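Reviewing the structure listed below.
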Amino acid sequence: MSQSASPEPYTLIAGRSPLSRRNGTDGELPAATLPSLFEAQAVRTPEAAALRFEGRECGYAELNAWANRLARALVNRGVGPERIVALAMPRSIEVIVAMLAVLKAGGALLPIDLRHPAARVAAMVKEAGPVLTVAAGEAPPDLGEPGRVLSFAALSDEAAGHSPLDLTDEGDRTAPLRAGHPAYVIYTSGSTGRPKGVVVTHRGIPSMTAAQAEEFGVGPGSRVLQFASLSFDAAVSEVCMALLRGATLVLAPQEKLMPGAALAGVLARESVTHATLPPSVLPLQDGPDRLPADLALIVAGEPCPAGVADRWSRGRLMINGYGPTESTVCATMARLSPGEGRPPIGRPILNTRAYVLDDRLRPAPVGSVGELFVSGHGLARGYLRRPGLTATRFVADPFRADGGRMYRTGDLASRRPDGMLDFHGRVDEQIKIRGYRIEPAEIEEALLTDPEVGQVRVRSRRVGEIAYLVAYVVPVEDGEVSAAGLRRRVAELLPDYMVPAAVVVVDRFPLTASGKLDHSALPVPRFVARGSGAAPRTPQEEVLCRLFAETLVLPAVGIDDNFFELGGDSLLAARLASRIRVTLGNALPVASIVEARTPARLARILGLDRREAALEVLLPLRDSGSRPPLFCVHPAGGIGWSYAGLLPHLDAEQPVYGIQASGLTGTTPPSRTMDQMVDRYLTAIKGVRPAGPYRLLGWSFGGLVAHALAARLQERGERIEFLAMLDTYPRIPPRLRHAGTEAELLADLMHIINVPSDEAVTGPIDRSAVLGTARREGSALASLDDATIERIVAVFGANYEILRSHVPRRISGDAHLFTAVRGDRNGLSATAWRSFVEGEVHEYEVDCEHRDMGRAAPMAQIGSTVRDLLALLD
């Protein structure tokens, strides 16, 4: 249901001003700490599963006792309130135990992501000054002084003899633990050019947990996914959502939580009921990688597009959460419903206040855009060891008489008449990408470490649904910069999500009349492939190049172009892996894309680079899937590569094989009769599928062969459940007959290449024109050598002679005829086939000419229709 129809979650306080009533979220909660809330839950549900990881489970009582022993060992090492402990451990049961142990000892967590550059990690550790760093195993040297770094195994040995009972303030901890003590420190990108640590106390945890329970319906029996990086404050929300409410926290290794099939598999296998995901992940989970229908979704970390909210809120609970790191994870929530347009960021949660203020800190009128300020129990203490910065962002709350503070978020917002808040972007230049908060100044400082760089500005550019970072660079006088070199420099200093997708070199920055940077005049980056000139060698490689280009929103990608140098990142790599699986049927981990980087190397990993196999009679375009395979017979030229264009539009479980002419490889001569051709093709087909039912499709001459194959199979008692013929005549009309020359063959090949209609080549066409066009358009046909073209010419001539003399036999069952509606149709219709098909001939019009059937747009139209027809058979 819509948010406006929902009951108010908190009681409004009478007698206050309208501003106070809109923030009437005050509620009485005990001043509890995170460990005390967990301990109370462990008493309520001692035998329930608290954690699941790779088939292992840990119950609440077991987890509590384990963490208590470790906490006592930490106390012996000086851990207590106001002391920081760094955790450098991967996602696992052990890291959650370590987190609870630090909190039980009274310490504050500093999660470290070791995938970040070593220099950045070292700077964070140096500034934070943890009393101890706990690592999974042997720790890298940048985690602190040797005496302050301890492996989890060594800590466990020290804890073995300690009591499993809960710690108390009287004698167990170094000092009493209070709600105002730090619970965790999260580092975010800094506007000064270096990251800053946000110190968050325990005080906001009870309010956040109560709001989660009310809005999400989490409790015993729920299963909560732990998706976020532990260095991201969303992980705190996931842990609290599960472990403070009696639910099970489901963890999985990072590679199994990448968007796409891996994530969908974890959610299904583990029966996950609640997941918090960035909105940018959801478009990757469509189609066969879709999320379970009953999964409750919490989206957070970045603005949620209206289309995403509309698509994913249908029939499910979907909550849009908003909150800066400086307020305990979440400050506002909204329940989303389909058709609402711009998704709101909601109303303040329990014990939280949200103000929309103008530039004089006065309340902005309803509907007017102002800066968003938040205050309340969840407000962070400030920035670690940065009192000046803290004072500028955490200011006095003029709307409360209790001397409280409010945080200046830098976000623009407006308030609806019903109190819901809408997000309108940023006051400053801060950028949100994939849920991460990015200060351009930090990237600019990294780029300025190159002595050839004089000035730099970093901005975001959006192409479709994808946001990219772009660096604009002015070299020093007579300086020379390398875009690829600058990206590598940033990658050495900053996390991958902060590496610009493009570096644009300009002579000078454009300025407005007032002397400020003119953002609108900055050139739009062209994410252009390097264009090595090497053509794909197989139709599958051609498909890979196209998938690379579509994922990166580029016009084209060459076979040797580097995915990451063209702006790819780990999230886009996950999207690419999902599209490869859906299109080609090859399941591969994202790590394979990271390893391969180029279409050529990825084809080698997948075994799709065998040029000789691309000309064999049986061409596996997608050899995986649970459904009966679709066999697609070649047109007159003998090559079935154009059927790769069907793959993105057919169901992912539909195997697809091309049937190509014998004679292309030079090992056997071309077939001279239809019977000889059918015999050869049935041998290949039976090798894949020994018994029916069979699914057949063919374009032009291939449709005639598919019909002949159906007749022969029926003669042998096999069932044909699907036969499609693409613009196929049962007998070629006299006016369409020609001599079957090389020039006519080359004209047909030119139309297989995906050249826009207004650029079609007219006049005489020779081999160099065809190969040049193929290379320019990224077609695998460009890889054909003279010997192969000679064989194709021979095959074309032989097939044309078969076409002139063949008379179709009559088959039982239905057939599907796709006819081209442009050009001279010469009377082709379902009526022409009625003498050769006993059943119904279903006709479908395709908006193209006959020779254009193999191009991308017609294949998309045909593929979608074939998908729907085949679905009726399953």
Side-chain angles (χ1 to χ4, degrees), residues 539 542-543 546 550 555 583 621 630 632-650 656 658 696-707 723-730 732-733 735-738 743-763 765 769-770 773-774 776-781 796 799 803 815-833 841-870:
E542 183 178 333
V543 170
R546 186 168 67 246
E550 291 172 354
T583 303
L621 294 171
L630 177 66
C632 302
V633 185
H634 62 82
I639 296 178
W641 295 0
S642 58
Y643 295 122
L646 294 173
L647 298 180
H649 313 288
L650 298 177
V656 180
L696 303 169
L697 177 148
W699 166 30
S700 189
F701 174 72
L704 207 61
V705 181
H707 181 275
L723 171 64
M725 299 174 290
L726 313 185
D727 219 45
T728 300
Y729 292 86
I732 185 169
R735 62 186 297 184
L736 293 184
R737 294 182 180 180
H738 52 72
E744 289 158 337
L745 163 68
L746 294 176
D748 281 346
L749 289 179
M750 184 67 80
H751 281 262
I752 294 176
I753 302 167
N754 193 29
V755 182
S757 299
D758 57 357
E759 296 181 15
V761 178
T762 59
I765 301 174
V770 172
T773 303
R776 185 174 67 251
E777 298 301 323
S779 170
L781 292 174
F796 184 75
N799 290 344
L803 176 65
H816 302 273
L817 178 66
F818 292 79
T819 56
V821 299
R822 294 192 182 187
D824 190 350
R825 297 182 62 179
N826 290 286
L828 176 61
S829 68
T831 303
W833 276 100
V841 180
H842 307 275
E843 189 173 0
Y844 313 87
E845 294 185 341
V846 183
D847 187 20
C848 69
E849 295 186 26
H850 172 80
R851 292 188 301 180
D852 292 338
M853 279 277 187
R855 292 161 77 174
M859 278 293 168
Q861 182 181 347
I862 294 164
S864 297
T865 302
V866 169
R867 178 196 62 217
D868 294 341
L869 292 172
L870 293 179

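Computed over heavy atoms, backbone and side chain alike; hydrogens, waters and symmetry mates excluded. What you see is a predicted model; the values in this text were computed from it and never measured.
- The aromatic rings of H850 and Y729 sit tilted relative to each other, their planes meeting at an angle between 30° and 60°.
- Rounding to the nearest 0.5 angstrom, the gap separating the CG atom in L726 from the CG atom in L817 is 8.5 Å.
- Here the straight-line distance linking atom CG of D847 with atom CD of Q861 works out to 6.5 Å at 0.5 Å rounding.
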Kindly determine whether I639 and H634 satisfy side chain to side chain contact (heavy atoms under 4.5 Å, CB included), including the steps that lead there.
CA-CA 5 Å; I639 296 178; H634 62 82; 5.9 Å; no
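- Taking each heavy atom of A636 and F701 in turn, the nearest pair found is N-CB, 3.8 Å.
- Note that the OG atom of S700 and the CE atom of M853 stand 9.0 Å from one another [nearest 0.5 Å].
- Within the 3.5 Å criterion, the main-chain N or O of S829 finds no donor-acceptor partner in the side chain of E843.
- One distance of note links OG of S864 with NE2 of H649; it measures 6.0 Å at 0.5 Å rounding.
- Rounding to the nearest 0.5 Å gives a distance of 9.0 Å between CZ of F796 and CG of L803.
- Here the closest non-hydrogen pair linking Y643 and P635 is OH-CD, 4.2 Å.
- The heavy-atom pair separating H816 from Y844 by the smallest distance is ND1-OH, 2.9 Å.
- In plain terms, the two heavy atoms of L650 and V656 that are nearest each other are CD1-CG2, 3.6 Å.
- Every residue meeting the side chain to side chain contact (heavy atoms under 4.5 Å, CB included) condition with T583, not counting sequence neighbours, appears here in chain and number order: V543, L547, L647, P648.
- For L621 against A644, the heavy-atom pair with the smallest separation is CD1-N, 3.8 Å.
- When every heavy atom of L646 is checked against every heavy atom of I862, the shortest pair comes out as CD2-CG2, 4.1 Å.
- Centroid-to-centroid, the aromatic rings of H707 and W833 come within less than 6.0 Å.
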Take L697 and V633 through the side chain to side chain contact (heavy atoms under 4.5 Å, CB included) test and state the conclusion after the steps.
CA-CA 6 Å; L697 177 148; V633 185; over 6 Å; no
